[in-house]
Amino acid sequence: MSWGDAEATCRSLSSHLASIHSAEENEFIYVLMGKIHNHTTGESYWIGGHDIFKEGDYMWTDGSKWDYATFGYGQPDNLGGENYIGSWYPDNDHITWNDYPASYSFPFVCKYQLRNRICCDSGY
Ligand SMILES: [Ca+2]
Ligand SMILES: [Ca+2]
């Protein structure tokens with residue numbers, strides 16, 4: 001599925017493509033997705049990062065802060081105008097990312113925000 005269709009599918013489920021904010025979270029999703037990493041055959045999975053609005057200015061579709069990134073060597077290269085992030089392959093114990101064209105068909109991972117369902121103690 002394309003990146004746009006993947007994000008739309010997540011939205012129809014009241015979520016967004018996954019944002020990733022730490023190496024631990026990145027690795028968790030990698031394992032969750034079945035350790036997909038054969039990028040030589042175009043196998044990857046979409047996450048919610050993009051630089052649609054300004055080249056090189058990445059953001060997450062869920063609106064969370066861009067505070068972590070783990071691009072692979074030479075990436076992101078914006079090759080032919082790539083603006084959409086997929087997980088790429090493990091390198092030096094890091095699960096790295098690459099920017100891809102939106103049209104590539106990859107599996108994808110949605111992330112639900114649970115905070116709205118968590119009842120808070122008074123004072124929060
Ligand atoms: Ca780009
Ligand atoms: Ca790229």
Side-chain angles (χ1 to χ4, degrees):
M1 186 177 287
S2 72
W3 186 91
D5 286 348
E7 172 66 15
T9 299
C10 290
R11 285 183 190 210
S12 74
L13 301 168
S14 299
S15 70
H16 289 279
L17 284 171
S19 60
I20 297 177
H21 301 280
S22 68
E24 290 75 22
E25 189 171 23
N26 194 44
E27 188 152 323
F28 172 77
I29 291 173
Y30 174 70
V31 172
L32 186 75
M33 293 301 287
K35 299 188 176 185
I36 293 171
H37 63 249
N38 190 357
H39 68 283
T40 58
T41 58
E43 194 179 344
S44 178
Y45 52 89
W46 292 123
I47 56 177
H50 67 83
D51 66 338
I52 299 169
F53 300 115
K54 187 176 176 210
E55 179 53 39
D57 193 356
Y58 287 94
M59 53 186 69
W60 298 111
T61 52
D62 65 5
S64 58
K65 193 176 174 204
W66 184 265
D67 54 5
Y68 174 80
T70 176
F71 286 104
Y73 180 77
Q75 303 295 340
D77 58 1
N78 198 46
L79 187 67
E82 296 175 324
N83 292 333
Y84 305 91
I85 298 177
S87 197
W88 194 27
Y89 77 117
D91 184 22
N92 289 327
D93 292 331
H94 298 294
I95 314 306
T96 62
W97 305 340
N98 187 0
D99 54 342
Y100 294 100
S103 58
Y104 279 29
S105 187
F106 292 148
F108 59 97
V109 53
C110 301
K111 181 182 189 178
Y112 290 87
Q113 298 292 338
L114 296 177
R115 63 171 174 251
N116 293 335
R117 297 185 199 165
I118 297 171
C119 188
C120 303
D121 293 328
S122 59
Y124 283 86

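Numbering of ligands and ligand atoms starts at 1, following listing order.
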Between the OH atom in Tyr100 and the CG atom in Asp77, the distance rounded to the nearest 0.5 Å is 10.0 Å
For the residue pair Ser19 and Asp62, confirm or rule out a side-chain donor-acceptor distance under 3.5 Å.
-> yes
Which of parallel (below 30°), tilted (30 to 60°) and perpendicular (above 60°) describes Trp97 and Tyr68?
-> perpendicular
Where does the angle between the aromatic ring planes of Trp3 and Trp46 fall among parallel (under 30°), tilted (30 to 60°) and perpendicular (over 60°)?
-> perpendicular
Row for the Ca ion (ligand 2): angle OD1 (Asp77) to OE1 (Gln75), 10° precision, value 80°
Quick one: side-chain contact (heavy atoms from CB on, under 4.5 Å) partners of Ser2, sequence neighbours excluded?
-> Asp5
Count, waters excluded, of protein N, O or S atoms under 3.0 Å from the Ca ion (ligand 1) | 7
Measure up the Tyr104 and Phe106 rings against each other and bin them: parallel (under 30°), tilted (30 to 60°), perpendicular (over 60°).
-> perpendicular
